[in-house]
Amino acid sequence: MTQTMTSPPDEVIRDLPLLARLPREDRQALASRARLRSYTAGTTIFREGESGDSMHVVVEGRVRISISSGSGDEATVASVGPGDCVGELSLLDGRPRSASAIASTATKTFVVTRDVFVEWVAERPGAALALLETLSLRLRRMDEAMADLCFLDLPHRLAKQILSLATMHGEGGVAARRITVTQGELASMLGVSRESVNKQLNAFMRSGWIGLARGAVVVNDPQALRMFA
């Protein structure tokens, strides 16, 4: 269930990469026009094909981004956490959502509607540069993922994906040891079967690089994973 909360104080948004480089008065101007929303685990934040009229910046929790095929198959294309934004493309062009966003855990997002955002950016051109930098990083990650798909086999791609998720799940620049992700989600991110992922995860576990728990991967030897990836 979605719950609309009061306007977020500056301390909630000042560390978000999208907004951290902006002057405090610019952040406050946006905060006064936006809202925080809470979602329980499994809640759909928005669906692919819906009208796009807002951007969500993840404040707490994790959000899974997925796309579907004409036959109804679903693929997870990203898992994002605090500081990442989702829905920004529809915010810019007003077109329907290109993907669905689902709360993987209890999640809070900082919501900005398109009307509010356009007015804010018109008043503060520096905000447009901050968003462009965020979009540029997203595109670079997509290019890297495409290169990996073309040139790396599954074991190496899986190792890189685990390291990437550990970084995203971490705090204060320190990678997380425990990653909340299912084997099905990993398989969807990599475009392979769950059985293939399970086989390779068990190989990593036998090497002592990772541990497996229900709905999670525990990174025991990140250095070994980095050297392998």
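We use all heavy atoms of the structure for the numbers below, so side chains are in, but hydrogens, waters and symmetry mates are not.
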query: What distance separates I210 CD1 from I162 CD1, expressed to the nearest 0.5 Å?
result: 5.0 Å
message: Test side-chain contact (heavy atoms from CB on, under 4.5 Å) on T113 and D53; report intermediate values, then the result.
response: CA-CA 6 Å; T113 65; D53 61 354; 5.9 Å; no
message: Give me the atom names and distance for the closest heavy-atom approach of F110 to A34.
response: CE1-CB, 3.7 Å
task: Could you check V57, I45, V80, T109 and say which one makes a side chain to side chain contact (heavy atoms under 4.5 Å, CB included) with V86?
output: V80
message: Walk me through whether K160 and H156 qualify under side-chain contact (heavy atoms from CB on, under 4.5 Å).
response: CA-CA 6 Å; K160 289 191 68 172; H156 291 84; 5.7 Å; no
message: side-chain contact (heavy atoms from CB on, under 4.5 Å), that's the test. Do V111 and L36 meet it? Break it down for me.
response: CA-CA 6 Å; V111 186; L36 280 172; over 6 Å; no
- prompt: Quick one: CZ on R114 to CE on M55, what's the gap to the nearest 0.5 Å?
  reply: 12.5 Å
- line: Tightest non-hydrogen contact, residues S104 and A41, listed as O-CB, 3.8 Å
message: Test side-chain hydrogen bond (donor to acceptor under 3.5 Å, both in side chains) on S68 and E48; report intermediate values, then the result.
response: CA-CA 8 Å; S68 58; E48 183 178 355; 3.0 Å; yes
task: Check the hydrophobic clustering (I, L, V, M, F, W, Y; side-chain heavy atoms under 4.5 Å; chains of links allowed) and say if F117 and V59 are grouped together.
output: yes
- prompt: Honestly curious: do L165 and L212 fall in one hydrophobic cluster under the side-chain, below-4.5 Å linking rule?
  reply: yes
- prompt: Backbone N or O of P96 within a donor-acceptor pair of the E50 side chain at under 3.5 Å?
  reply: no
field: Nearest atoms (heavy-atom pairs only) where Q200 meets P155
entry: OE1-CG, 3.3 Å
- prompt: For R226, does the CZ atom have more than 12 heavy-atom neighbours from other residues, nucleotides or ligands under 6.0 Å away?
  reply: yes
- request: Over all heavy atoms of both residues, which pair between V197 and A187 is shortest? Give the atoms and the distance, please.
  value: CG2-CA, 3.6 Å
message: Distance check, rounded to the nearest 0.5 Å: E60 atom CD versus S38 atom OG?
response: 8.0 Å
query: Is there a chain of hydrophobic side chains (I, L, V, M, F, W, Y, each step under 4.5 Å between heavy atoms) that links I102 to V181?
result: no
- prompt: N198 side chain to L201 main-chain N or O, any donor-acceptor pair under 3.5 Å?
  reply: no
Smallest separation among heavy atoms of R124 and R33, with atom names: NH1-NH2, 4.0 Å
field: Within-4.5 Å side-chain heavy-atom neighbours: E123 and E119
entry: yes
For T40 against A103, the heavy-atom pair lying closest together: O-CB, 3.7 Å
- prompt: What is the distance from atom CZ of R64 to atom CE of M189, rounded to the nearest 0.5 Å?
  reply: 8.5 Å
field: Reported CG-to-OG distance for the pair L186 and S196, which is rounded to 0.5 angstrom
entry: 12.5 Å
query: Is the side chain of T105 donor-acceptor paired with the backbone N or O of R62 at a distance under 3.5 Å, no angle test?
result: yes
- prompt: Going through the checks in order, is the side-chain hydrogen bond (donor to acceptor under 3.5 Å, both in side chains) test met by T167 and S164?
  reply: CA-CA 5 Å; T167 299; S164 175; over 6 Å; no
- prompt: Mind checking whether F204 and F228 have parallel, tilted or perpendicular rings, split at 30° and 60°?
  reply: perpendicular
query: Strictly by modelled atom types, are S79 and E185 linked by a side-chain donor-acceptor pair under 3.5 Å?
result: no
- prompt: In terms of hydrophobic clusters joined by side-chain contacts under 4.5 Å, are W209 and L190 together?
  reply: yes
message: Donor-acceptor check, side chain of R177 to backbone of V219, threshold 3.5 angstrom: yes or no?
response: yes
message: Measuring from atom OH of Y39 to atom OG1 of T107, what distance do you get when rounded to the nearest 0.5 angstrom?
response: 9.5 Å
message: Could you walk me through whether I67 and S100 satisfy the side-chain contact (heavy atoms from CB on, under 4.5 Å) test, starting with their C-alpha distance in whole Å, then the side-chain angles of each, then the deciding distance to 0.1 Å, before giving a yes or no?
response: CA-CA 6 Å; I67 57 175; S100 298; over 6 Å; no
